[in-house]
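Below is one structure, written out as structure tokens; the observations come after it.
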Amino acid sequence: MIQQTLIQILKNAVSAAAPELGLDPGRVPDPELSAPSRKGFGDWSTNVALVVAPHLGRPPREVAQAIAARVVANARPITRVEVAGPGFINLFLGRAWLHDVLREILESGIGFGRGEPRGERVQVEYVSANPTGPLHVGTARNAALGDSLANVLEAAGFAVEREYYFNDANRQVRLYGESVDARYLERFGRPAEIPEGGYHGAQVTEVAEQIAAEVGDSLVDVDSGVRRERILALAVERTMAGIRATLDRFGVHIDTWRSEAELRRSGAIDAAVAELGRRGYTYESEGAVFFRSTEFGDEKDRVLIRSTGEPTYFAADCAYVLDKAGRGFDHLIYVWGADHHGTVKRVMGAAQALGVDPARVEILIHQLVTLYRGGEPVRMSRRAGDYVMLDELLDEVGPDAARYTLVSRSPDSALDFDIEAVARQTMDNPVYYVQYAHARIASILRVAGERGIELVPWREASLDSLQEQAELDLLRTLAELPEVVTLAAAARAPHRLPRYAEAVAAAFHRFYAECRIITEDVARTQARLWLSVAAKQVLATTLEVIGVAAPESMERIGDGDR
RNA sequence: GCCCCCGUAGCUCAGUGGAUAGAGCACAGGUUUCCUAAACCUGGUGUCGCAGGUUCGAUUCCUGCCGGGGGCGCCA
């Protein structure tokens with residue numbers, strides 16, 4: 001890749017200039033390359049002189065001059081070097097490097113932009129909604145962010161495992177089970193009541209109906225304790241199946257499912273609590289067992305075992321972090337909504353207390369989503385079971401628009417999601433702009449085929465004939481995919497991909513408007529078709545990471561969607 | 001009260017300590033005998049919330065304040 005070549009050249013130049021500058025040759029930093037913010041600043045630039053100058057006590061421009069002088073001497077792809085501004089070194093390249101980028105893209109195929117396997121394993125844990133009802137929109141951002149993060153890490157060369165953890169053995173889910181139980185009994189004309197604090201939503205009735213359809217009235221007359229256990233198990237199973245189906249629609253495919261019940265059954269929870277005790281991080285008070293989370297910056301110590309003997313969710317969290325750590329991942333990434341930020345300190349503390357290297361554990365917090373419809377906030381009441389389900393959202397706006405919108409914003413920003421605006425198939429929706437570019441290319445390639453134009457192998461095509469500004473700009477944009485992926489992965493910032501996708505789409509549309517692709521000029525047609533193929537592939541890769549479809553064709557507005 | 005996030009163009013938002021801070025939308029005008037006009041081109045606006053500090057250099061890092069959102073239970 002050109003970047004590596006340039007960095008090496010710069011590094012050599014800095015080393016060569018080191019004696020003159022009084023720079024310790026052992027302390028030559030790796031120069032960083034950046035794409036200049038404006039034209040006229042060359043094809044690539046570096047601030048290495050600005051970084052080094054303070055240590056030398058010399059004016060940055062002088063340092064830059066010294067380095068730049070060495071660059072000219074030994075560089076082949078570079079046609080011109082310039083020192084500019086406070087001390088930037090701008091590199092001007094011959095256009096050939098862009099044609100080489102095109103060759104690289106075509107050579108690498110779908111591998112372009114994807115980093116070499118780096119032998120590091122990452123677990124990303126997300127969604128993790130408890131089986132007390134179907135997924136609602138509150139979870140949607142978590143699912144979209146977590147999944148795209150997993151995708152981008154994978155693209156950057158990490159070995160990624162997607163995990164979903166759920167609490168199916170605690171008080172809340174038991175209440176849910178009892179609510180379903182009540183509906184089940186009612187279904188067969190038995191008197192029953194939803195317990196206090198239970199669930200009243202229509203979904204509860206639905207699950208009860210499903211269970212009734214499956215087992216009939218066979219459970220009505222069995223012992224209530226046994227019945228509740230059976231109903232609870234069936235309800236969890238049913239609910240999780242529903243969640244899985246919704247995630248599937250949303251393009252989220254989980255590799256591993258971990259549950260609190262498993263942790264309990266295996267004794268992992270007791271073991272974790274005992275381990276904390278052995279390490280001196282617990283104490284008893286008023287019949288409950290507490291974890292000394294204040295030693296890790298938490299506001300107060302947290303209960304592990306209630307005075308009733310029941311472990312808390314937090315106790316399960318402790319077992320779970322040990323469980324994760326024991327599976328050999330280099331990075332454990334939790335994706336949580338801002339409503340959980342209060343638990344960060346205690347979980348990080350527990351990890352540390354249990355001997356898990358805190359550097360391996362990352363908790364990525366995203367801000368919450370406020371739902372609007374036509375500018376009006378959509379009020380949701382949890383108690384009445386009155387919230388918008390993810391399935392309904394997908395029915396209304398479609399999975400692609402939903403995912404694209406949710407991934408587009410930085411996790412740190414609260415997100416206003418207006419159902420009407422997102423459902424609208426207009427330019428309010430960059431997702432269609434990007435998908436259209438992909439579909440447009442597919443269409444062009446189809447037309448070329450229909451007209452009997454066969455693509456010659458790209459090695460035989462005169463790619464160097466691409467010299468129009470729009471062609472060069474598009475190539476330049478395509479060349480950025482690898483660093484976009486690398487940076488997005490490193491910063492855990494998948495929202496950079498939609499931005500990039502828009503830039504690629506824009507560059508292609510401009511190229512399309514300015515350069516007719518299929519013409520009488522056979523050689524030029526071949527070159528432009530190959531450029532289009534490369535653009536299509538970069539778009540497809542980017543869209544895949546975002547988690548939306550790359551359509552081969554799109555119908556006109558008003559002719560229905562996708 | 002304590003904790004977290006945000007405050008950048010009329011709106012929605014980008015912006016790994018660097019050069020003259022960027023996109024889209026909205027608004028106005030223009031472009032199609034031709035590969036998808038869901039497109040393209042041309043128009044312009046910023047006390048980067050305020051005040052200090054660190055730095056050769058701050059929208060970016062630190063502190064305080066103001067404004068908005070969210071979280072703080074032997075609930076999840």
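Everything numeric here is computed off the predicted structure, so don't read it as measured data. Letters A, B, ... mirror the listed sequences (proteins, then strands); counts begin at 1.
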Name all residues meeting the salt bridge (charged side-chain N to carboxylate O under 4.0 Å, His left out) criterion together with R292(A); count only those two or more places apart in sequence or in a different chain, and write none if there are none. none
Polar-atom pairs under 3.5 Å, protein N or O versus N or O of nucleotides 55-60 of chain B: list them with distances, or write none.
none

Could you identify the nucleotide paired to U59(B), looking across every strand shown and requiring Watson-Crick or G-U wobble geometry with both distances under 3.5 Å? none
According to side chain to side chain contact (heavy atoms under 4.5 Å, CB included), who are the partners of D339(A), at least two apart in sequence or on a separate chain? L368(A)
Kindly list each side-chain donor-acceptor pair under 3.5 angstrom involving residues 505-512 of chain A, sequence neighbours excluded, with atom names and distances?
from	atom 1	to	atom 2	distance (Å)
H509(A)	ND1	R440(A)	NH1	3.0

Using a cut-off of 4.0 Å between protein heavy atoms and nucleotide atoms, how would you tag nucleotides 69-74 of chain B 5' to 3' with B, S and -? BBSSSB
Atom OH of Y404(A) to atom P of G24(B): distance rounded to whole Å? 12 Å
Among residues 443-455 of chain A, which ones have heavy-atom contacts with RNA chain B below 4.0 Å? S443(A), I444(A), V447(A), R451(A)
Starting from the 5' end of RNA chain B, give me the residue, P36(A) or S410(A), whose nearest nucleotide shows up first. S410(A)
Partner set under side chain to side chain contact (heavy atoms under 4.5 Å, CB included) for A84(A), not counting sequence neighbours: N90(A)
Here the distance between atom C1' of C40(B) and atom OH of Y436(A), to the nearest Å, is 10 Å
Within the 4.0 Å heavy-atom criterion, would you say A439(A) contacts the bases, only the backbone, or no part of the nucleic acid? base
What integer distance in Å separates R510(A):CZ from U42(B):C1'? 14 Å
Holding to salt bridge (charged side-chain N to carboxylate O under 4.0 Å, His left out), I want the full list of residues that pass it with R409(A), two or more places apart in sequence or in another chain. none
Mind checking what makes salt bridge (charged side-chain N to carboxylate O under 4.0 Å, His left out) contact with K536(A), not counting sequence neighbours? E552(A)
Output the residues of residues 481-504 of chain A in contact with RNA chain B, where contact means a heavy atom of the residue under 4.0 Å from an atom of the strand; sort by number or write none. H495(A), R496(A), R499(A)
Does any pair with a residue in residues 299-315 of chain A pass salt bridge (Lys or Arg N to Asp or Glu O under 4.0 Å), and if so which ones, sequence neighbours excluded? R174(A)-E310(A), R264(A)-E310(A), D298(A)-R302(A)
Using a 4.0 Å heavy-atom cut-off, does S553(A) contact any base of the nucleic acid, only the sugar-phosphate backbone, or nothing at all? base
Pairs in or reaching into residues 473-486 of chain A: which pass salt bridge (Lys or Arg N to Asp or Glu O under 4.0 Å), with residues at least two apart or in two chains? K39(A)-D473(A), R476(A)-E480(A)
